[in-house]
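Below is one structure, written out as structure tokens; the observations come after it.
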Amino acid sequence: MGTGVEISPREAEVLELVGAHLSNAEIAARLCVSVRTVESHVSSLLRKLRAPDRRALARRAPEAAGAAPSHPAPVLPAPLTSFVGRVSERAELTEMIKAHRQVTAVGPGGVGKTRLALAVVAEAVGEYSDGVWFVDLVPVTDSGMIATAVAGAVGLGEQPGRDMTDSVVAALADRHVLLVLDNCEHVTEGVALFLERLLATCPRVTVLATSRARLMVPFERIYPVPPLSLAVDGESDAVALFMERAAAVGWPLDPPLRDQIAAICARLDGMALAIELAAARYPTLGLDGITAALSHPLRMLTGGSRADERHRSVRAALDWSHALLEPADRALLRQVSVFMAPFTAAAAAEVVRFGAGTVDESTVDEGIVADGLARLAEQSLLVVAASPAGTAYRALETIRQYGTERLAEAGELADARSRHLRWCLTQAAGLTVVRADWRARFDLVADDLRAALAWAADRPERRADAYELARHLAELTFTRHLTGESQRRYEQAAELAGDPADSASMLRQAAAVAGCRTIGDDMYRLRRSAADAARRSGDDAGAATDLATAATVAFRFSTTFVRLPSREEALALVGEARERAGDDPAARAAVALAEAGVLTDAFGAAQGPSENEVPETIARAERAVELARRSGDPLAESAALDALTGALSWAGDAFGAAGTARRRITLLSSLPISPSGTHELIDALAMVTEAGLGAGDVPGARRWARRLADHPSLAEVGHRATCRLLMVDALAGDVGEVLTGSVRFLDAWRRAGSPARSLLRPAAAGVAMIHGMRDDRKARREWQEILGQLGTPLEGAYGYGAVFDALLLLHRGQAPEALERMAPEAGQVWKWVTWIWHHWYVALRTEAAVLAGSPDARDRLDEARTIVAGNPVAGAIVERAGALFDGEQEALLATADAFDAAGCRYQSARTMVLAGGEHAERGEAVLAGLGFAPMAPARNR
């Protein structure tokens, strides 16, 4: 390496991708490793290269590689044939994309737009520091899926809480890239909307589009792609292309034949695709045969512009190429046109019927199909493509559209699409079992599933199949972590369902996916829609459950709403649910949970009553748990246990809250993957982490927090994934883990648009504290600024903020200031110190009182021992304070062992320093090894 630093090959790969501004999740996907592994490599690189943060590390990447700044390898299709000619066109288009941020190469099908664009961008890679990305829009049948196609090409996943367009725009906001959007003509409206957002928000992104028509977006510059040059005197690109393709199939042409070739190319108007098709026929027809074929009267369109005439030349070439095929190969070509993505011979055999439209509808032998596909590829009518499943084929879009026209003319279109639909249903059903190669298998057929659904959804006679495919696609896209599409597919399935009961079921699933996306407004809307569908089906109990759940959602997940329903609105829903519930166990359980959440605010929601009636809250939550348990629904029981966890925390019962939170994990761990289960599990992991921390179970809290951080549904939102783990590691004093996790947190938070989310604040406060204890003032200021961007609510002042500030002040020997920071009694700031912070607040306040020489220190010690009894960390802090107060050295040193057993090495080392003498030397050495600055001696005012 250029720096002289020893960097492993894997670290070098990670460093290169960091330099390309990829997130940890993107790097993990690219290298097929876990996000945690990437975090470890990034942390190691930060240390080895002495980079203060990820941005500095990205700047160091070229230097560390010992080379000039490199550019990410372009993610471009690999053409199987050489690019011929077009020197002036390449130069002109290259200059245009340098001068303008959005250029559209326009021309008829077959003129060579895609190949020209690929040639230009392959040469322009060095101009774009963050790379060149190619997006084929042929398989996109829904204008709303443009961003999803771009994300797939760039390697992005969806970020919960925002749609895919937002995720793409955020990821590209500070990148210098060239984005190629190929074949835009059938989704111009969607492309236009996407580009307006992208270009307005991402100032360093340039877009090159290819389309048969302009996109009509602001700042668009048009480059009309001309036919290949036909000049007889001098060079002719059209002739060069014909000769090169003929030579490629083993039939080189002599230069004296150039005039005859030029005449053929002129007949074909210089259209690249038409010339390639003609050249493919040269071995069997010769130049005379091709000339005669082109002179034969052909069915052609009449009238229109010169562009239309050029398109007619492609149609002519396709017509005579098609006419020269054997009947079986003609049928094969037109029927495989229903595939949107590369397909295998096995897939084609499922869809193709050579007796289509006749009595003979038997399955075609795969070997016969494979032979036919090979013949079509030899005639340049199909392209051979690489595929995880083996040899695959695809038709260029112009040829695919031609084949579709031929299908319609033969009266076979509906039958072929119906067989394709059945094939898609079979493929979707086969993907329900998730194996190691699942993602590749899904990606191979996803575009065909979408296309088949788009066709079937518009046909009443296919409504039942469309419903099944929409339901399958919703499940599959959820597994693929395309949660935005999954929610839309569940809603689409609800619209297609023939039975209102099925519609209600799909809407409930859509609501659960919205929960995974942290979009509370959608959860609420969809649950209310599910209630309407349940009413239509005559299912009063189901409607009651949905209404009650909507009310619960408004309180339980209030921080995920944009427009928060009022308490009165929620109460009305609970009232109607109560009337409809009857004796149904599930409905009664849902109503009981809503009453615990809405009436007594077990969840501590924004719109809840300011004072909780603790005994009533606990009683209602316990009743909800019991009714949910009787209903036999573990997800309902988990939600009720969440309410009970909150109720116990308001009562100050940290151990009861932690135990209840652990019960949720036990319930959920064995359930199969589903939207509802995933949403519930992510919430449960967050709550069990916090509740465990509140009870002093640091090892358990770290274990749950790590499981949350590694959850695949949170891979694209590292700030949400790591915020609890950062909080645990900060309180435990694990500097290395905090520095590693904070890189992922900050990178993901910035990519997400720096959202001011309340759940992120304790993590930021913890990181700021760690930097303060390391005496890294610059880093601490940066994290304090981040904390300011996240807001400063009361819980920041009197909950986590007071705890983290006190820990730093005590480390600096500023006990009086720490005591002043925690001046209020716990009862005065009760709601802000309950949940996680109560025992920590009481214990640290007591230690500050002892070290500051407070006259009421003895009374505080006695009270604190009662409050924190059973908490291994808070209890050890209080016992340490008592030993210091009484001057009992042996009791003081005993707390060091207690801290070690509790997983708090920092507090153990702090105890040694407080013990003085040789113990202090050992303690300071441990602190230095952990990454902390030396402790200052405690002082009184």
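For the numbers below, each heavy atom of this structure counts, side chains included, while hydrogens, waters and symmetry mates do not. The residues of the chain are indexed from 1 along the displayed sequence.
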- Task: Please lay out, stage by stage, how T617 and D601 fare under the test side chain to side chain contact (heavy atoms under 4.5 Å, CB included).
- Result: CA-CA 7 Å; T617 305; D601 190 23; over 6 Å; no
- Query: Under the side chain to side chain contact (heavy atoms under 4.5 Å, CB included) criterion, do R489 and Q492 qualify, and how do the steps go?
  - Reply: CA-CA 5 Å; R489 298 304 181 191; Q492 184 179 18; 3.0 Å; yes
- Item | Stepwise side chain to side chain contact (heavy atoms under 4.5 Å, CB included) check, L137 with V135 | CA-CA 6 Å; L137 296 181; V135 186; 3.8 Å; yes
I'd like to know if the side chain of [X] and the backbone of [Y] have a donor-acceptor N/O pair within less than 3.5 Å.
| X | Y | answer |
| --- | --- | --- |
| D521 | R563 | yes |
| S754 | R750 | no |
| T560 | G520 | yes |
| T477 | A474 | yes |
| S503 | A494 | yes |
| S558 | A554 | no |
| R664 | S638 | yes |
| T432 | A428 | no |
| W650 | A602 | yes |
| T545 | A541 | yes |

How many angstroms lie between atom [atom1] of [X] and atom [atom2] of [Y], to the nearest 0.5 angstrom?
| X | Y | atom1 | atom2 | answer |
| --- | --- | --- | --- | --- |
| L507 | R525 | CG | CZ | 8.5 Å |
| E189 | C184 | CD | SG | 13.5 Å |
| L644 | T660 | CG | OG1 | 4.5 Å |
| L760 | L726 | CG | CG | 10.0 Å |
| E595 | L571 | CD | CG | 10.0 Å |

- Task: Show your working on salt bridge (charged side-chain N to carboxylate O under 4.0 Å, His left out) between D747 and R744 and close with a plain yes or no.
- Result: CA-CA 5 Å; D747 180 52; R744 181 183 175 194; over 6 Å; no
Contacts of type salt bridge (charged side-chain N to carboxylate O under 4.0 Å, His left out), residue [X], not counting sequence neighbours:
| X | value |
| --- | --- |
| D584 | none |
| R663 | none |
| R508 | D546 |
| R724 | E690 |

Flag the pair [X] / [Y] as yes when at least one side-chain heavy-atom distance between them is below 4.5 Å, and no otherwise.
| X | Y | answer |
| --- | --- | --- |
| T518 | R757 | yes |
| L179 | V150 | yes |
| L476 | W438 | yes |
| I519 | F561 | no |
| Y467 | D499 | no |
| L496 | L453 | yes |
| R707 | S669 | yes |
| F194 | M145 | no |

- R450-T141 side chain donor-acceptor pair, cut-off 3.5 Å: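 Checked: R450/T141 side chains show no N/O donor-acceptor pair below 3.5 Å.
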Between [X] and [Y], which heavy-atom pair has the shortest distance, and what is it?
| X | Y | result |
| --- | --- | --- |
| V513 | S486 | CG2-OG, 3.8 Å |
| A639 | E680 | N-OE2, 3.3 Å |
| A149 | V140 | CB-CG2, 3.8 Å |
| G677 | L635 | CA-CD2, 3.8 Å |
| R462 | A456 | CB-O, 3.8 Å |
| A592 | R623 | CB-NH1, 3.5 Å |

[X]: side chain to side chain donor-acceptor pair (under 3.5 Å) partners, not counting sequence neighbours:
| X | value |
| --- | --- |
| E637 | none |
| D443 | R480 |
| R629 | E626 |
| H719 | none |

- Query: When you look at R197 and D166, which way does the salt bridge (charged side-chain N to carboxylate O under 4.0 Å, His left out) test go after all the steps?
  - Reply: CA-CA 9 Å; R197 287 277 306 281; D166 288 335; 2.3 Å; yes
- Message: Considering only residues two or more places apart or on different chains, which pairs with a residue in residues 474-532 satisfy ring-ring contact (aromatic ring centres under 6.0 Å, His included)?
- Response: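 Sorted result for residues 474-532: empty, none.
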- Apply salt bridge (charged side-chain N to carboxylate O under 4.0 Å, His left out) to D683 and R556, showing your working. CA-CA 10 Å; D683 181 73; R556 187 182 177 196; 3.2 Å; yes
- Query: Salt bridge check: are E468 and R471 linked by an N-O gap of less than 4.0 Å?
  - Reply: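 A salt bridge is present here (some side-chain N lies under 4.0 Å from a carboxylate O).
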- Query: With the threshold set at 4.0 Å, does a side-chain nitrogen-carboxylate oxygen contact exist between R620 and E613?
  - Reply: no
- For A151, what residues pass the side-chain contact (heavy atoms from CB on, under 4.5 Å) criterion, not counting sequence neighbours?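 Checked A151 against side-chain contact (heavy atoms from CB on, under 4.5 Å); matches are L156, M164, V168.
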- Message: Suppose the criterion is salt bridge (Lys or Arg N to Asp or Glu O under 4.0 Å): which pairs have a residue in residues 535-545, not counting sequence neighbours?
- Response: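 Sorted pair list: D532-R535, R535-E576, D540-R580.
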- Any residue meeting ring pair (Phe, Tyr, Trp, His ring centres under 6.0 Å) with F557, in chain and number order, not counting sequence neighbours: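 For F557 the ring pair (Phe, Tyr, Trp, His ring centres under 6.0 Å) partners, ignoring immediate neighbours, are H679.
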- Message: The test is side chain to side chain contact (heavy atoms under 4.5 Å, CB included); show your working for L685 and I665 and say whether it passes.
- Response: CA-CA 7 Å; L685 287 170; I665 299 297; 3.7 Å; yes
